[in-house]
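Being a predicted model, the structure only gives us computed values, none of them experimental.
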Amino acid sequence: MMTDFIASFIHWLPMLTQGALTSATLSLTAMAAGFLVGIGIWQMSTSPLRIYRTMAHGWVSLFRGTPVLVQLLLCFYLPSQLGLDIPGFVAAALALTLNTAAYQSQILSSGFASIHPGQLEAAAICGLSPRQILWRIQVPQVIRATLPSLVSELIDVIKASAVVSVIALTDLMRVGQQLASSTYQPLQVYLAVALVYLLLTSLLSLLGRQAERHWQREQR
């Protein structure tokens, strides 16, 4: 039985790899966009204006308190009700971006809080604008401080991306569904899908640890 599974896995691997690339591209796109949006949410949450703080709290509560599947379906069907026709990939990327931005804003908040105020004062004295201070002083330090949590969030996004198969986007899970329907071997197919997901997330964890060790060596 193991020999048969290995042979089937090798046969399915090109299709599974293509689906994994779609899942990875979608997740990385959402993670990068969510990082930028997450910074915006953090800025609103620290604003002296109460309305911005309320909006930031509402955003985080909404997207952390509702299922990703519901968010995906809203992003897929709502634009059509407004007369907009957007591709499935864009709808999926939008849903995952909005979701991960809520989580990343909380991760980034701890990173921004770890920066000593004296650094920001010194940068302002040197003539840097608030935008330059944010992107040249704060963000690089925040990424280093929160890298393990950001990698963990990326892995969560990849796992959450499995729901995009419901809108017929040919990601890794959708490929698995197609193979299960055509081969009548659902157990073997979904075991293969699970292995590919495991390989993908393990690779990302390894890359994250390598980057973290590289930065630690630079600081010595």
A side-chain contact here means heavy atoms from C-beta on lying under 4.5 Å apart; do [X] and [Y] qualify?
{"X": "L98", "Y": "W59", "result": "yes"}
{"X": "Q18", "Y": "P14", "result": "no"}
{"X": "F76", "Y": "V164", "result": "no"}
{"X": "P148", "Y": "E212", "result": "yes"}
{"X": "Y197", "Y": "S23", "result": "yes"}
{"X": "Y103", "Y": "V157", "result": "no"}
{"X": "L154", "Y": "F35", "result": "no"}
{"X": "I6", "Y": "I10", "result": "yes"}

Checking [X] side chain against [Y] main chain: does a donor-acceptor pair fall under 3.5 Å?
{"X": "Q132", "Y": "S129", "result": "yes"}
{"X": "S110", "Y": "I107", "result": "yes"}
{"X": "S109", "Y": "S105", "result": "no"}
{"X": "S61", "Y": "G58", "result": "no"}

Considering residues at least two apart in sequence or located in another chain, which fulfil the side-chain hydrogen bond (donor to acceptor under 3.5 Å, both in side chains) criterion with [X]?
{"X": "S114", "result": "none"}
{"X": "T100", "result": "Q104, E153"}
{"X": "N99", "result": "Q71"}
{"X": "Q119", "result": "Q141"}

Holding to side-chain contact (heavy atoms from CB on, under 4.5 Å), I want the full list of residues that pass it with [X], two or more places apart in sequence or in another chain.
{"X": "Q210", "value": "L206, R213"}
{"X": "I133", "value": "L120, A123, A124, L128, I137, Q138"}
{"X": "S80", "value": "none"}
{"X": "L13", "value": "F9, T17"}

Which distance, rounded to the nearest 0.5 Å, do you find between the [atom1] of [X] and the [atom2] of [Y]?
{"X": "I167", "Y": "L73", "atom1": "CD1", "atom2": "CG", "result": "8.0 Å"}
{"X": "S182", "Y": "W12", "atom1": "OG", "atom2": "CH2", "result": "8.5 Å"}
{"X": "R144", "Y": "L150", "atom1": "CZ", "atom2": "CG", "result": "14.0 Å"}
{"X": "L78", "Y": "L84", "atom1": "CG", "atom2": "CG", "result": "9.0 Å"}
{"X": "L108", "Y": "I39", "atom1": "CG", "atom2": "CD1", "result": "6.0 Å"}
{"X": "D171", "Y": "L21", "atom1": "CG", "atom2": "CG", "result": "12.0 Å"}

So if you build clusters from Ile, Leu, Val, Met, Phe, Trp, Tyr with side-chain heavy-atom gaps below 4.5 Å, do [X] and [Y] land together?
{"X": "M44", "Y": "L49", "answer": "yes"}
{"X": "Y52", "Y": "L36", "answer": "no"}
{"X": "L62", "Y": "V68", "answer": "no"}
{"X": "L82", "Y": "Y77", "answer": "no"}
{"X": "I41", "Y": "L134", "answer": "no"}

Hey, can you pull the donor-acceptor pairs under 3.5 Å for the side chains in residues 85-97, sequence neighbours left out?
{"residue": "T97", "atom": "OG1", "partner": "A93", "partner atom": "O", "Å": "2.6"}

Test L179 against every option in M15, R174, Q185 by the side-chain contact (heavy atoms from CB on, under 4.5 Å) rule and name the one that passes.
M15

When you look at CG of L198, are more than 12 heavy atoms from neighbouring residues, nucleotides or ligands closer to it than 6.0 Å?
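More than 12 heavy atoms, drawn from other residues, nucleotides or ligands, come within 6.0 Å of this atom.
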
Within a radius of less than 6.0 Å around CZ of R53, do more than 12 heavy atoms belonging to other residues, nucleotides or ligands occur?
yes

V70: hydrophobic cluster co-members (side-chain, 4.5 Å):
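Its cluster mates, by chain and number, are L74.
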
When Ile, Leu, Val, Met, Phe, Trp and Tyr are grouped by side-chain heavy atoms lying under 4.5 Å apart, directly or through other members, which residues fall in the same group as L203?
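ILVMFWY cluster around L203 also holds L207.
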
Indicate the atoms forming the closest heavy-atom contact of [X] with [Y], along with that distance.
{"X": "S165", "Y": "Q177", "answer": "OG-NE2, 3.5 Å"}
{"X": "L72", "Y": "V163", "answer": "CD2-O, 3.4 Å"}
{"X": "T29", "Y": "T25", "answer": "OG1-O, 2.7 Å"}
{"X": "G111", "Y": "V142", "answer": "C-CG2, 3.6 Å"}
{"X": "A56", "Y": "S45", "answer": "CB-N, 3.7 Å"}
{"X": "A192", "Y": "L16", "answer": "CB-CD1, 3.9 Å"}

Using 4.0 Å as the upper bound for N to carboxylate O, is an ion pair formed by D156 and K159?
yes

Step by step, work out the side-chain contact (heavy atoms from CB on, under 4.5 Å) result for Q43 and F112.
CA-CA 10 Å; Q43 290 179 315; F112 281 109; over 6 Å; no

Is there any salt bridge (charged side-chain N to carboxylate O under 4.0 Å, His left out) pair reaching into residues 105-126, and which pairs are they, with sequence neighbours excluded?
none

Step by step, work out the side-chain contact (heavy atoms from CB on, under 4.5 Å) result for I158 and L204.
CA-CA 10 Å; I158 288 176; L204 290 172; 2.9 Å; yes

